[in-house]
Amino acid sequence: MSEFNFKQFHIRSMNASSAEERATINQELKDLYASLSPEDQKEFNEQLQTFLVKEMGRLRSDYEAIKGGMQE
């Protein structure tokens with residue numbers, strides 16, 4: 001089983017200086033996916049979903065903390 005580092009792609013995308021740079025990073029991720037076997041693609045998708053759920057949860061937690069601090 002391969003371990004995919006989605007955080008690396010995410011951070012690079014957040015720090016991209018242009019839409020073109022962001023598109024290049026997204027293409028790297030698509031190319032990586034295309035190079036995988038069907039079994040590894042399934043694992044990739046599962047790990048990506050887990051990463052996205054965790055990241056969205058973290059962002060929501062941060063948002064709620066900021067929102068709560070602004071209302072006080």
Practice task
Provide the closest heavy-atom pair for Gln41 versus Leu36 in the form atom of the first, atom of the second, distance.
Solution key: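 So the minimum-distance heavy-atom pair works out to NE2-O, 3.5 Å.
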Handout entry: Residues that Ser18 engages under side chain to side chain contact (heavy atoms under 4.5 Å, CB included), provided they are two or more places apart
Key =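 Per chain and number, Ser18 pairs via side chain to side chain contact (heavy atoms under 4.5 Å, CB included) with Glu20, Glu21.
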Exercise for the section: Taking side chain to side chain contact (heavy atoms under 4.5 Å, CB included) as the test, write out the residues that go with Gln47, two or more places apart. Expected result: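 Per chain and number, Gln47 pairs via side chain to side chain contact (heavy atoms under 4.5 Å, CB included) with Met1, Glu3, Phe4, Phe6, Glu43.
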Problem - Distance in Å, His10 NE2 paired with Ile25 CD1, rounded so as to fall on 0.5 Å steps - result: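 Spacing of NE2 (His10) from CD1 (Ile25) equals 11.5 Å.
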Handout entry: Thr24 side, atom OG1; Leu29 side, atom CG - distance, nearest 0.5 Å
Key =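 Separation between the atoms: 12.5 Å.
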Problem - Sequence-distant partners of Asn45, side-chain hydrogen bond (donor to acceptor under 3.5 Å, both in side chains), two or more places apart - result: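 Listed in chain order: Tyr33.
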Exercise for the section: Please name all residues satisfying side-chain hydrogen bond (donor to acceptor under 3.5 Å, both in side chains) with Gln8, sequence neighbours left out, ordered by chain then number. Expected result: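 Result, side-chain hydrogen bond (donor to acceptor under 3.5 Å, both in side chains) vs Gln8: none returned.
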Problem - Co-members of the apolar cluster containing Met14 [side chain, <4.5 Å] - result: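 Met14 shares its hydrophobic cluster with Ile11.
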Problem - Test log, rule side-chain contact (heavy atoms from CB on, under 4.5 Å), inputs Leu32 and Glu28 - result: CA-CA 6 Å; Leu32 171 61; Glu28 287 177 27; over 6 Å; no
Problem - Test salt bridge (charged side-chain N to carboxylate O under 4.0 Å, His left out) applied to Lys42 - qualifying residues, sequence neighbours left out - result: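 Lys42: salt bridge (charged side-chain N to carboxylate O under 4.0 Å, His left out) contacts with Glu46.
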